[in-house]
Structure formats: structure tokens, C-alpha cells
S.K.: 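Just dropping this structure here.
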Amino acid sequence: NKDGLVITSANNTILGLTIRKFQNGIKLQGAGSTGNILGGDRALGSSSTASEKGNGQGLRLSQNTNAGIVLTTGASGNTVKGCWVGVDRAGTAAEANTYGIYIDTGSANNVLGSTVASEANIVSGNSDAGIVVTDSSSDNNRIIGSLIGAGVGAVPRLARGFNPVASRDTLPNRVANRFNGVVFSNV
């Protein structure tokens with residue numbers, strides 16, 4: 001399997017895609033991969049019914065053999081919002097990647113999520129961790145306004161793997177608690 005989309009440059013905006021059945025759905029790679037925006041407002045779409053709107057500006061990444069989204073080798077200062085990672089089109093059933101979002105090798109200062117409800121990430125249904133941050137130089141990443149291990153409407157216990165968020169040898173990264181918009185389910 002190859003990666004669905006690889007970004008090595010700065011200031012790209014990727015909206016409204018579904019990427020499935022690759023090794024990694026989207027990979028932001030290298031020190032030049034900065035200031036990119038993956039996803040957006042899921043409420044924006046061409047139809048008046050939720051089932052026909054699809055992704056809006058958001059992204060859906062599922063059934064990839066490794067990760068839905070990878071930020072690696074210095075990909076920094078990027079934003080991931082309005083992304084449904086590891087769930088079906090309705091956001092209520094699992095369509096697992098191995099990992100939801102994987103951050104490593106000096107990828108720092110990234111923001112996962114938003115304080116705007118229609119730009120929240122859903123990272124759930126993945127067969128291993130929902131979000132992995134690994135390596136001591138992957139620091140100052142923030143996870144805000146996201147549902148991790150839950151589906152649309154905070155549907156509890158949507159199947160997922162071992163850990164909603166795994167941080168391996170990394171400090172400081174910030175995960176906002178449920179009072180700041182992050183909801184964990186089945187933890």
C-alpha cells in the first residue's frame with residue numbers, strides 16, 4: 001500500500017475528502033510541511049440534510065493499514081480539524097485504521113481539533129491508539145475540542161483499540177480535558 005496523500009510543502013489547505021484503504025491516509029512529512037490545514041467546518045456542504053452533506057469541509061480517513069493521519073520528520077505548526085478518523089460516514093460505527101493520528105520525529109506545535117463544535121475531530125474506532133505522540137522532540141502539540149473513543153453526539157464505546165491517547169517519551173504536549181472540549185469514551 002502507498003500513502004493516499006503526502007504533503008511536503010507549506011500552507012496547503014485540504015478540504016472535503018474521504019481517503020480510505022491506503023497505508024496512511026494523509027502524511028505531512030518534513031520540515032517544509034508547516035502551516036497546513038487539514039479539514040474544516042463539517043457543517044458546510046451542498047445539501048440541507050446531514051446524510052447528504054458528507055464531509056463538508058472536513059476529512060474522513062478510515063480503513064488505512066497504518067494511520068489515518070501521520071505528522072512526521074519535523075512537520076510542525078499544522079492544524080487538523082473537522083476530521084473523522086476511524087469511523088464510518090455517519091460517525092457512529094468503526095472503520096478502523098491501526099492508529100488514528102500518529103505524530104513523531106520532531107513534529108511539534110501542531111493543533112488537533114478546534115473550539116468550534118462543527119470543526120471537532122472524531123478519532124475513534126481505530127484498532128490501536130486513537131492519537132499517538134512519540135519521540136522527545138515531538139512537543140508542544142495540542143489536542144482540543146475532539147471526541148476520542150466516541151462517535152457523533154458522543155456515542156459511547158465506539159470500538160477502538162488500547163489507548164485513546166498514547167504519549168511515548170514526549171513532554172510537553174497538552175491534552176485539554178472535557179471541560180475544554182475533549183471527550184474520552186470507554187477509557
Side-chain angles (χ1 to χ4, degrees), residues 1-7 9-29 33 35-71 75 78-103 110-127 129-132 141-156 158-160 164-165 181-183 185:
N1 290 345
K2 299 290 182 185
D3 297 322
L5 177 62
V6 178
I7 299 172
S9 60
N11 302 315
N12 298 287
T13 301
I14 309 300
L15 302 173
L17 299 176
T18 295
I19 301 177
R20 303 172 62 214
K21 300 185 178 183
F22 289 92
Q23 180 174 349
N24 295 297
I26 296 178
K27 183 186 283 185
L28 298 179
Q29 182 173 8
S33 184
N36 295 295
I37 299 172
L38 301 182
D41 193 330
R42 295 191 71 85
L44 299 177
S46 60
S47 175
S48 61
T49 65
S51 64
E52 294 175 2
K53 278 189 181 180
N55 297 332
Q57 292 180 341
L59 305 175
R60 187 168 72 88
L61 303 115
S62 64
Q63 297 178 314
N64 296 292
T65 58
N66 186 43
I69 299 171
V70 176
L71 293 92
N78 300 291
T79 301
V80 176
K81 60 184 179 179
C83 293
W84 289 8
V85 185
V87 298
D88 68 354
R89 181 179 172 162
T92 57
E95 285 189 359
N97 304 291
T98 301
Y99 301 102
I101 301 173
Y102 199 93
I103 302 173
N110 297 292
V111 177
L112 309 180
S114 170
T115 57
V116 176
S118 57
E119 294 179 346
N121 293 317
I122 293 178
V123 183
S124 192
N126 298 290
S127 59
I131 299 173
V132 175
N141 294 292
R142 292 182 298 139
I143 303 168
I144 58 174
S146 297
L147 297 172
I148 302 170
V152 169
V155 172
L158 188 59
R160 59 130 183 90
V165 177
V182 174
V183 176
S185 177

S.K.: Which atom names give the shortest non-hydrogen contact between Asp3 and Gln23, and what distance separates them?
M.R.: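 Here Asp3 and Gln23 meet closest at OD1-CB, 3.8 Å.
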S.K.: For Ile37 versus Gly39, what's the shortest heavy-atom pair and its separation?
M.R.: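 Heavy-atom minimum between the residues: CG2-O, 3.5 Å.
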S.K.: Hey, mind stepping through Ile143 and Ile131 against side chain to side chain contact (heavy atoms under 4.5 Å, CB included) and telling me if it holds?
M.R.: CA-CA 9 Å; Ile143 303 168; Ile131 299 173; 3.9 Å; yes
S.K.: Can you list every salt bridge (charged side-chain N to carboxylate O under 4.0 Å, His left out) pair that touches residues 10-20, not counting sequence neighbours?
M.R.: Arg20-Glu95
S.K.: Does any non-hydrogen side-chain atom of Thr79 lie less than 4.5 Å from one of Asn36?
M.R.: no
S.K.: Testing the basics here: between Glu119 and Ser114, what is the closest heavy-atom pair and its distance to 0.1 Å?
M.R.: OE1-OG, 2.9 Å
S.K.: How long is the span from the CG atom in Asn110 to the CZ atom in Arg142, to the nearest 0.5 Å?
M.R.: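 One gets 10.0 Å once the value is rounded to the nearest 0.5 Å.
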S.K.: How far apart are the closest heavy atoms of Gly113 and Ser146, and which atoms are they?
M.R.: CA-OG, 3.7 Å
S.K.: Taking the side chain as every heavy atom from C-beta outward, state whether Asn121 and Leu147 have any pair of such atoms under 4.5 Å apart.
M.R.: no
S.K.: Test of understanding: with side-chain hydrogen bond (donor to acceptor under 3.5 Å, both in side chains), list the residues that count as partners of Thr13, not counting sequence neighbours.
M.R.: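 Not a single residue meets the side-chain hydrogen bond (donor to acceptor under 3.5 Å, both in side chains) criterion with Thr13.
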S.K.: Testing the basics here: between Ser127 and Ala96, what is the closest heavy-atom pair and its distance to 0.1 Å?
M.R.: N-CB, 3.8 Å
S.K.: Do the side chain of Arg42 and the main chain of Gly82 share a donor and acceptor less than 3.5 angstrom apart?
M.R.: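 Indeed, once roles are kept as given, a pair shorter than 3.5 Å links the two residues.
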S.K.: Over all heavy atoms of both residues, which pair between Ser9 and Asn12 is shortest? Give the atoms and the distance, please.
M.R.: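 Distance-wise, the nearest heavy atoms are OG-ND2, 2.9 Å.
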S.K.: Sequence neighbours left out, what passes side-chain contact (heavy atoms from CB on, under 4.5 Å) with Ile19? Give chain and number order.
M.R.: Leu5, Leu17, Phe22, Ile26, Leu61
S.K.: My understanding is that only residues two or more places apart in sequence, or in another chain, count here; which of them pass side-chain hydrogen bond (donor to acceptor under 3.5 Å, both in side chains) with Asn11?
M.R.: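 Not a single residue meets the side-chain hydrogen bond (donor to acceptor under 3.5 Å, both in side chains) criterion with Asn11.
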S.K.: My understanding is that only residues two or more places apart in sequence, or in another chain, count here; which of them pass side-chain contact (heavy atoms from CB on, under 4.5 Å) with Ala90?
M.R.: Asp88, Thr92
S.K.: Looking at residues at least two apart in the chain, or sitting in another chain, which of them share a side-chain hydrogen bond (donor to acceptor under 3.5 Å, both in side chains) with Asn66?
M.R.: Asn24
S.K.: Please check this pair: side chain of Gln57 against backbone of Gly40, looking for a donor-acceptor N/O pair closer than 3.5 Å.
M.R.: no
S.K.: Are Val80 and Val111 close enough that some pair of their side-chain heavy atoms sits under 4.5 Å apart?
M.R.: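 Side chain of Val80 against side chain of Val111, heavy atoms only: no contact under 4.5 Å found.
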S.K.: Please enumerate all residues that pass side-chain contact (heavy atoms from CB on, under 4.5 Å) together with Ala75, with sequence neighbours excluded.
M.R.: Leu28, Ser33, Leu71, Asn78, Ser107
S.K.: Side chains of Cys83 and Ile69: closer than 4.5 Å at any heavy-atom pair?
M.R.: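 They are in side-chain contact.
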S.K.: Applying side-chain hydrogen bond (donor to acceptor under 3.5 Å, both in side chains), can you list everything that pairs with Asn97, at least two apart in sequence or on another chain?
M.R.: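 Partners of Asn97 by the side-chain hydrogen bond (donor to acceptor under 3.5 Å, both in side chains) criterion, ordered by chain and then number, come out as Asn64, Asn126.
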S.K.: Check side-chain contact (heavy atoms from CB on, under 4.5 Å) between Gln29 and all other residues, then give those that pass, not counting sequence neighbours.
M.R.: Val6, Thr8, Lys27, Thr72, Thr73
